[in-house]
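These notes are about the structure you will find just below.
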Amino acid sequence: MDLTERIDRRRTRNSKHELVVDPDSLNPVVHPAEPVGRETLFEALLDAIDPLFEQAVPPDVYVWGPSGSGKSAIVTALMSALETKMQSQRPFYAATRGQTKGDGVEFAYLDARQATSRFQLYRELLDELLVDAVPERGMSTDALERKIQSIQSTGTTVVVAVDHLGESRTADVAEIHQFFEPFENLAWLGVGRTPPEDVSLPIPEQHVHVPAYGNELVDTLTVRGSQGLSHTLDHRHAQRLAEWADGDAHDALAALFIAANVAEGADATRLRDEDVEAGIEAVPRDGVPIGQVLALSENEHHILERLLALDRDEERPIEKTAQLIGEQTDLTPGTVKRQLYELAQFGVLSRQEVTVGPPGNGRRPSGVTPNFSATLFTLLRE
DNA sequence: GATCCACGGGAATACACGGATG
DNA sequence: CATCCGTGTATTCCCGTGGATC
């Protein structure tokens, strides 16, 4: 960090009123312990796993709904609530026994974006269940499966939530079904966007539909905004964001997060209209969720950073882009090109035909542009 | 020695266009 | 006019190799 940067930071930190007091509250990838205004959905989820409260293994459940409808928020909240509840009721001696954290019921939350293969899903699950570290390599997937089975043979019931199913890189419902089939005392709760009728069989009989936010989004924004900022979020601003985002909490929070940063950068003491508009400006309405971008590998992040650094106004065929990026990384242009194509298929980048040079024979090249908020990506990468 | 996976290279396939063919 | 074909690119798909870890 150079000197001016230090001074800059010091200056913003010491400005009379710090505007952002809790960044996490404004962060679209962070979910609060208690989601606002979704009590009925919480009930529906509890209903779905009701047998659990009579010591039985509940059926598998599929939770689905559009992007930004709060699926992740409600499921993470449910799992952590269940965990604390069940733990407080667990007999004291259980905690000290054996290699598992205890017997009875165990809860785990897995993010399919972090665990994309059967191996990784099993590994993450074991990591949640066991106190000991679980190896990341050198152990076969089948060995992990046997390990999970041996835990179950002690009579432990496992409820595992798997978030973000059916994205282009993550496992889908059918795969999750297959992966967790071998385990007798395990119920899974899959979360995805695909409507049940479009999901390839087999699919759980229990569905819980999470519809897009309606008016509740204004409340959610108000609560989270007011927690994150040093002042109450202006009602007009909450309304403006909710309306623009059309019920998508991810987009609304993304814009709010950026707005707060813009305002803070300008040494404002309150969020101003122009900040909110700047936030809205910086978030594409139909982009990929930023969490999906953040979950990419380190190399892919490098590629994206270089891509964002290139002059945005210039049209450039993908080949040329790959070459420019390749020069700045230790990846070959060929690999960069393939990765760019993959990212485009993934939805992280969007492709459009590019008109460059004389109209030759073959197929026209295309260029790539980010399909997410570059500002948000940069802010959250730090 | 076994394991998983990121890279990298390259084969296979898709697409665009002009010209030939029926 | 509709369709097929050849050529030249773009894009997707696949798989072997090697690093890192156990």
Side-chain angles (χ1 to χ4, degrees), chain A residues 99 108 110-151 162 164-172 174-176 178-180 182-183 200 288 292-307 310 314-371 381:
Chain A
Q99 53 184 18
L110 309 183
D111 185 351
R113 288 173 183 161
Q114 306 296 331
T116 53
S117 61
R118 187 165 81 103
F119 174 83
Q120 288 176 343
L121 285 162
Y122 286 176
R123 208 204 75 83
E124 292 292 312
L125 176 57
L126 272 172
D127 204 45
E128 296 274 322
L129 298 180
L130 294 177
V131 182
D132 322 324
V134 185
E136 303 196 2
R137 288 160 197 279
M139 195 176 193
S140 78
T141 307
D142 289 344
L144 291 177
E145 180 183 323
R146 286 192 294 275
K147 187 100 176 163
I148 295 173
Q149 253 157 359
S150 77
I151 290 174
V162 193
H164 303 125
L165 299 182
E167 292 177 358
S168 51
R169 285 204 186 174
T170 63
D172 61 22
E175 284 172 303
I176 292 299
Q178 191 195 337
F179 294 164
F180 290 129
F183 310 120
S200 58
V288 285
Q292 220 168 312
V293 182
L294 293 171
L296 298 170
S297 73
E298 197 57 28
N299 267 335
E300 288 164 320
H301 282 169
H302 284 322
I303 291 177
L304 288 180
E305 274 167 0
R306 302 282 182 271
L307 177 68
L310 294 176
E314 194 180 328
E315 281 198 328
R316 202 180 282 107
I318 208 165
E319 182 95 44
K320 177 76 179 163
T321 308
Q323 194 197 327
L324 288 174
I325 295 175
E327 287 166 5
Q328 303 175 55
T329 39
D330 48 4
L331 300 171
T332 63
T335 297
V336 175
K337 186 167 70 162
R338 189 176 47 74
Q339 300 254 45
L340 289 174
Y341 276 122
E342 276 182 24
L343 290 169
Q345 270 187 308
F346 194 22
V348 169
L349 301 177
S350 47
R351 272 168 43 188
Q352 58 282 309
E353 263 196 16
V354 77
T355 46
V356 69
N361 237 3
R363 192 172 174 175
R364 274 76 166 279
S366 49
V368 287
T369 48
N371 189 28
R381 270 281 277 166

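It should be emphasised that the depicted structure is a prediction, and the values quoted were computed from it without experimental measurement. To find a chain, count down the sequence lines: A is the first, B the second, and so on, and within it residues start at 1.
Using a 4.0 Å heavy-atom criterion, one finds that A:Q339 contacts the sugar-phosphate atoms exclusively. At the heavy-atom level, A:S366 lies under 4.0 Å from the strands shown only through sugar-phosphate atoms.
For A:L340 and C:dA10, the CG to P distance is 14 Å, given to the nearest whole Å. Counting to the nearest Å, the P atom of B:dT3 and the CG atom of A:L126 are 17 Å from each other. The nearest whole Å value for the distance from the CG atom in A:L331 to the C1' atom in B:dG9 is 14 Å. Atom CD in A:Q120 sits about 7 Å away from atom P in B:dA6, given to the nearest Å. When the C1' atom of B:dA2 is taken as reference, atom CZ of A:R146 falls 13 Å away, rounded to whole Å. Rounded to an integer number of Å, the gap from CD of A:E124 to C1' of B:dC5 is 15 Å. For the pair A:D142 CG and B:dC4 C1', the computed distance is 13 Å after rounding to whole Å. With rounding to whole Å, A:L121 atom CG is found 14 Å from B:dC4 atom P.
Looking at residues two or more places apart in sequence or on another chain, you find a side-chain hydrogen bond (donor to acceptor under 3.5 Å, both in side chains) between A:S350 and A:T369. A:F183 is linked by a ring pair (Phe, Tyr, Trp, His ring centres under 6.0 Å) to A:Y122, counting only residues two or more places apart in sequence or in another chain. For A:R123, the salt bridge (Lys or Arg N to Asp or Glu O under 4.0 Å) test picks out no residue, with sequence neighbours left out. Among residues two or more places apart in sequence or in another chain, the salt bridge (Lys or Arg N to Asp or Glu O under 4.0 Å) test is passed with A:R306 by none. Remark: A:Q323 engages no residue in a side-chain hydrogen bond (donor to acceptor under 3.5 Å, both in side chains) (not counting sequence neighbours). Every residue two or more places apart in sequence or in another chain that forms a salt bridge (Lys or Arg N to Asp or Glu O under 4.0 Å) with A:R338 is listed here: A:E342. A search for side-chain hydrogen bond (donor to acceptor under 3.5 Å, both in side chains) contacts involving A:T116 returns A:Q120, not counting sequence neighbours. A:R381 meets the side-chain hydrogen bond (donor to acceptor under 3.5 Å, both in side chains) test with A:H301, A:E305; sequence neighbours excluded.
Of the residues in residues 110-118 of chain A, not one comes within less than 4.0 Å of DNA chain C through any heavy atom.
The side chain of A:S140 lies closest to B:dC4 when the candidates are B:dC4, B:dG8, C:dA10.
A:T170 places a side-chain N or O within donor-acceptor distance of the main-chain N or O of A:G166, the cut-off being under 3.5 Å. Judged by distance alone, with hydrogens and angles left aside, the side-chain atoms of A:Q292 form no donor-acceptor pair with the main-chain N or O of A:V348 at under 3.5 Å. When atom types are taken as modelled, the side chain of A:E300 and the backbone of A:S297 share a donor-acceptor pair closer than 3.5 angstrom. Formation of a donor-acceptor pair under 3.5 Å by the A:N371 side chain with backbone atoms of A:G347 is found in this model.
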Provide a list of protein-nucleic acid N or O atom pairs under 3.5 angstrom, restricted to nucleotides 19-22 of chain C.
{"from": "C:dG19", "atom 1": "N2", "to": "A:R137", "atom 2": "NH1", "distance (Å)": "2.8"}
{"from": "C:dC22", "atom 1": "O4'", "to": "A:R137", "atom 2": "O", "distance (Å)": "3.4"}

What are the atom names and distances for every N/O pair under 3.5 Å that joins the protein to nucleotides 14-16 of chain B?
{"from": "B:dA14", "atom 1": "N3", "to": "A:R363", "atom 2": "NH1", "distance (Å)": "3.2"}
{"from": "B:dC15", "atom 1": "O4'", "to": "A:R363", "atom 2": "NH1", "distance (Å)": "3.1"}
{"from": "B:dA16", "atom 1": "O3'", "to": "A:R364", "atom 2": "NE", "distance (Å)": "3.4"}

Between the protein and nucleotides 12-14 of chain C, are there any N/O to N/O pairs under 3.5 Å, and if so, what are the atom names and distances?
{"from": "C:dT12", "atom 1": "OP1", "to": "A:R351", "atom 2": "NH1", "distance (Å)": "3.3"}
{"from": "C:dT12", "atom 1": "OP2", "to": "A:R351", "atom 2": "NH1", "distance (Å)": "3.2"}

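Note on A:T141: every side-chain N or O is 4.0 Å or more away from OP1 and OP2 of B:dT3.
The pair A:D142-A:K147 does not count as a salt bridge, with every side-chain nitrogen at least 4.0 angstrom from each carboxylate oxygen.
Of the inter-residue distances, the one linking A:L165 atom CG with A:E175 atom CD reads 9.5 Å to the nearest 0.5 angstrom.
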